[in-house]
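Keep in mind the model is a prediction, meaning the values are calculated, not measured. So that the names make sense, note that chain A is the first sequence line, chain B the second, and so on, each numbered from 1.
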Number of protein chains: 2
Amino acid sequence: MRRPTIVDIARVAGVSKGAVSYALNGKPGVSERTRQRILDIARDLGWAPSGPARALSPGGRVGAVGLVVDRPAHALGVEPFFMQLVSGIEAELTVAGVDLVLHVTEDQEAELAAYRRWAAERRVDGVILVDLRVDDPRVGEVEELPLPAVVLGGPEGAGGLPCLHSDEAAAMREVVRYLAALGHRGIARIAGPEGFRHTRDRTRAFRAAAEEAGVARTRTVHADYTGEAATRATRRLLALAERPTALVYDNDLMAVAGLGVAREMGVDVPSQLSIVAWDDSVLCGLVRPSLTAIVRDTVSSGREAARMLLGRVAGDGVVSRQAPPGELHPRASTGPLAP
Amino acid sequence: MRRPTIVDIARVAGVSKGAVSYALNGKPGVSERTRQRILDIARDLGWAPSGPARALSPGGRVGAVGLVVDRPAHALGVEPFFMQLVSGIEAELTVAGVDLVLHVTEDQEAELAAYRRWAAERRVDGVILVDLRVDDPRVGEVEELPLPAVVLGGPEGAGGLPCLHSDEAAAMREVVRYLAALGHRGIARIAGPEGFRHTRDRTRAFRAAAEEAGVARTRTVHADYTGEAATRATRRLLALAERPTALVYDNDLMAVAGLGVAREMGVDVPSQLSIVAWDDSVLCGLVRPSLTAIVRDTVSSGREAARMLLGRVAGDGVVSRQAPPGELHPRASTGPLAP
DNA sequence: CGTGAAAGCTGAACCGGTTAAGAACGCGGC
DNA sequence: GCCGCGTTCTTAACCGGTTCAGCTTTCACG
């Protein structure tokens with residue numbers, strides 16, 4: 001049984017295929033009676049529009065958008081962020097009947113190649129850029145391509161692309177003030193890779209917030225979001241003569257790793273060390289002590305980013321927006337210092 | 001600047017577009033000289049084949065395959081399994097120039113709708129089915145559809161679809177023997193949802209292995225892979241009069257949750273309770289004590305499944321295969337019972 | 001009753017490829 | 001000199017939609 005086409009519908013209805021096209025797309029050009037008859041026949045035949053055929057027509061859309069994730073596979077596995085983001089994006093795309101094409105790359109060059117290929121072969125109608133870097137080559141490249149895009153991050157460094165940015169500084173202030181109020185005067189931050197824009201934003205915000213809150217000793221060390229790197233970094237920090245009394249991690253996985261190191265080194269959490277995770281997932285609630293975390297609504301960000309991209313693809317004027325800032329959810333891993 | 005098409009190439013080369021098509025596809029019908037000239041021109045113009053146009057031709061392929069993940073978003077976030085699987089699939093697809101379309105659904109009906117839509121609208125060339133269920137409606141449905149598919153799981157219940165199955169029984173035997181050797185005589189298993197085929201396979205294997213190893217008291221309770229469900233189940237098990245001395249969890253996230261409960265209830269791991277996780281991720285190595293786990297090479301399974309699907313799409317006769325069984329990696333969460 | 005406009009529909013071109021059928025050509029053999 | 005054949009290329013149809021130009025038919029209006 002061949003897929004039915006509009007020609008089959010036209011034959012049954014006794015009209016031309018042009019008329020069928022008008023009827024099915026709700027465009028003027030056919031009478032209401034005829035339209036209804038054609039719709040009924042289409043339903044009876046189980047007709048569905050051919051994606052490739054639609055895309056081929058002048059001005060046609062492919063009905064898919066792309067997302068490239070450029071992080072090593074093993075790191076990705078346990079990063080709740082991406083799957084949450086994907087669910088959010090998906091939720092929004094599904095109602096529009098648009099598919100999500102996902103690509104996992106090992107380096108940035110491969111990521112750029114993916115965008116170029118998608119544009120050249122017309123595989124997607126647009127892309128969402130995540131993990132904005134300092135001097136990110138993707139922005140310029142994608143702007144050149146006939147490929148609508150929105151950036152999750154920014155607004156600095158997003159070039160002319162509309163972006164969904166979040167106020168990292170506000171959340172950071174909340175964290176630092178909270179820790180300062182608990183009596184902490186030595187706070188270290190185990191950050192993500194230095195190359196990421198949001199890492200740099202947070203680092204700046206961290207310093208500013210610490211100064212404002214009167215926290216004398218701060219320090220930022222960089223890791224790569226993996227547990228191993230966080231383990232090494234935490235060991236070094238806890239071995240310092242004047243060791244920090246509070247640690248802020250740039251993702252929850254690293255915070256879990258830090259918790260393990262503290263345990264291993266006999267440093268009690270939270271009486272001797274407070275730990276804060278940036279980004280919350282079920283993980284934070286499962287480990288003991290449970291982790292205080294900055295909670296962002298990643299699913300909603302995904303939805304919003306998808307919505308913006310669909311707008312761009314449709315040709316609407318899309319403006320950058322701000323996502324609600326993360327909120328601090330105190331749990332068992334933070335507290336006042338034991339005397 | 002419009003995307004160049006083969007007509008542009010034909011014009012520059014002074015030949016017909018048919019000749020260009022033959023040349024670009026390595027088919028006979030043009031001289032070697034002409035072919036080379038056409039290839040050079042194509043490169044100079046930056047030509048790339050239009051996906052939609054290719055797909056539209058009779059017998060044409062879309063150049064994409066689909067994967068539906070039917071698990072709640074929050075559970076998915078931290079499940080390393082899927083992202084690992086996706087990376088593996090991706091790695092194989094990329095070399096073939098095929099894209100991966102990912103869809104996250106909230107229920108099985110939505111999943112079925114996705115397959116139907118993909119087939120009807122020709123959005124993908126084939127699909128990979130994961131999380132095979134007992135009496136899975138997807139198998140019959142997809143077999144009816146003009147949509148090549150392979151199953152990750154089985155072989156029972158995969159119907160006529162080729163599958164990549166793993167020997168759950170072998171791994172289960174290894175776990176049970178190991179725990180029995182450590183002196184455990186009461187082993188409980190916190191399994192995934194009863195509806196999953198692999199859950200049932202493991203449950204059967206668990207009973208058989210326990211009998212074989214002389215483990216008298218066994219018990220399987222079902223959870224849904226989330227930390228919350230595992231927390232509840234673990235609490236109940238540890239509150240039993242004759243409480244089990246070893247717990248086997250069907251994924252690593254639940255094992256982490258179980259570890260938290262043990263801690264909370266003052267049950268020491270591993271001296272009073274041993275914990276085994278099925279599926280290993282960085283998580284298992286990060287928590288304290290680190291978790292003994294069954295390690296499967298999920299990335300390779302993804303690669304293999306993708307390879308099989310590409311074979312099916314190409315029309316090759318693809319036969320079911322067995323993935324290498326999981327292996328037990330003992331860590332700190334298992335040990336002999338304290339006297 | 002003639003005229004103009006709007007409604008409703010048809011025919012054909014077009015998107016960018018693939019491919020079957022056929023034409024032009026050179027060449028060897030008889 | 002003619003025939004048959006293989007090579008190389010062209011022509012045209014086809015995939016399944018969209019859309020524009022134009023042709024009827026109907027109908028209101030003067």
Side-chain angles (χ1 to χ4, degrees), chain A residues 1-39 41-42 45-63 97 117 119-123 125 146, chain B residues 1-39 41-42 45-63 97 117-123 125 146 314:
Chain A
M1 251 284 290
R2 228 179 66 269
R3 296 181 55 249
T5 72
I6 58 167
V7 176
D8 299 317
I9 300 177
R11 190 175 15 233
V12 174
V15 296
S16 71
K17 68 176 193 158
V20 173
S21 178
Y22 290 137
L24 292 172
N25 290 299
K27 299 210 171 173
V30 286
S31 69
E32 212 39 60
R33 260 179 49 91
T34 310
R35 180 189 309 278
Q36 204 42 220
R37 199 155 50 85
I38 288 172
L39 287 175
I41 293 169
L45 293 180
W47 176 86
S50 154
R54 273 242 164 101
L56 195 53
S57 290
R61 313 243 160 279
V62 175
R117 190 176 75 88
E121 302 185 3
R122 294 212 47 208
R123 311 301 282 240
D125 294 321
Chain B
M1 249 285 290
R2 230 180 65 268
R3 296 180 55 248
T5 71
I6 58 168
V7 176
D8 299 317
I9 300 177
R11 190 174 17 233
V12 174
V15 296
S16 71
K17 67 174 194 161
V20 173
S21 178
Y22 290 136
L24 292 172
N25 290 300
K27 300 209 170 173
V30 286
S31 68
E32 212 39 60
R33 259 178 49 90
T34 310
R35 180 189 308 277
Q36 204 47 95
R37 199 157 48 87
I38 288 172
L39 288 176
I41 294 169
L45 293 180
W47 177 86
S50 152
R54 273 241 163 103
L56 194 53
S57 291
R61 313 243 160 278
V62 175
R117 189 176 76 89
W118 280 346
E121 301 184 3
R122 294 211 47 209
R123 312 299 283 239
D125 294 321

(request) May I ask you to evaluate whether A:W47 reaches the phosphate of D:dG16, defined as a side-chain N or O under 4.0 Å from OP1 or OP2? (result) no
(request) Measure the distance from CZ on B:R11 to P on C:dG16 and round it to the nearest whole Å. (result) 11 Å
(message) At 4.0 Å (heavy atoms only), tell me whether B:A10 reaches a base, stays on the sugar-phosphate, or touches nothing.
(response) nothing
(request) Not counting sequence neighbours, which residues clear side chain to side chain contact (heavy atoms under 4.5 Å, CB included) with A:S57? List them please. (result) none
(request) Please list, by residue number, the residues of residues 24-33 of chain A whose heavy atoms come closer than 4.0 Å to an atom of DNA chain D; answer none if no residue qualifies. (result) A:N25, A:K27
(message) What is the distance, to the nearest angstrom, from the CG atom on B:L56 to the P atom on D:dG17?
(response) 9 Å
(message) From CD1 of B:I38 over to C1' of C:dG17, roughly how many Å is that when rounded to an integer?
(response) 15 Å
(request) Kindly indicate whether the side chain of A:I38, heavy atoms from C-beta on, has any atom under 4.5 Å from the side chain of A:R35. (result) no
(request) Rounded off to whole Å, could you give me the CZ-to-P distance for the A:R3 and D:dC14 pair? (result) 18 Å
(message) With a 4.0 Å limit, can you tell me whether B:T34 has a side-chain N or O closer than that to the phosphate oxygens OP1/OP2 of D:dT8?
(response) no
(request) Would you name the heavy atoms of B:A55 and B:V62 that are closest together and state the gap between them? (result) CB-CA, 3.8 Å
(request) Would you mind reading off the distance between B:D8 atom CG and C:dG17 atom P, rounded to a whole angstrom? (result) 9 Å
(message) What is the separation between atom CZ on A:R35 and atom P on C:dA7, rounded to the nearest whole Å?
(response) 13 Å
(request) Check whether any side-chain heavy atom of A:I41 lies under 4.5 Å from a side-chain heavy atom of A:V20, and answer yes or no. (result) no
(message) Looking only at the side chain of B:R54 (C-beta and beyond, no hydrogens), which of the listed nucleotides C:dG16, D:dT18, C:dT18 gets closest?
(response) C:dT18
(request) Report yes if the side chains of B:L24 and B:I9 come closer than 4.5 Å at any heavy-atom pair, otherwise no. (result) yes
(request) Measure from CD1 on A:I9 to C1' on D:dT18 and round the result to the nearest Å. (result) 14 Å
(request) Return the residues of residues 12-23 of chain B meeting this criterion: a heavy atom under 4.0 Å from some atom of DNA chain C. Order them by number, or give none. (result) B:K17, B:G18, B:S21, B:Y22
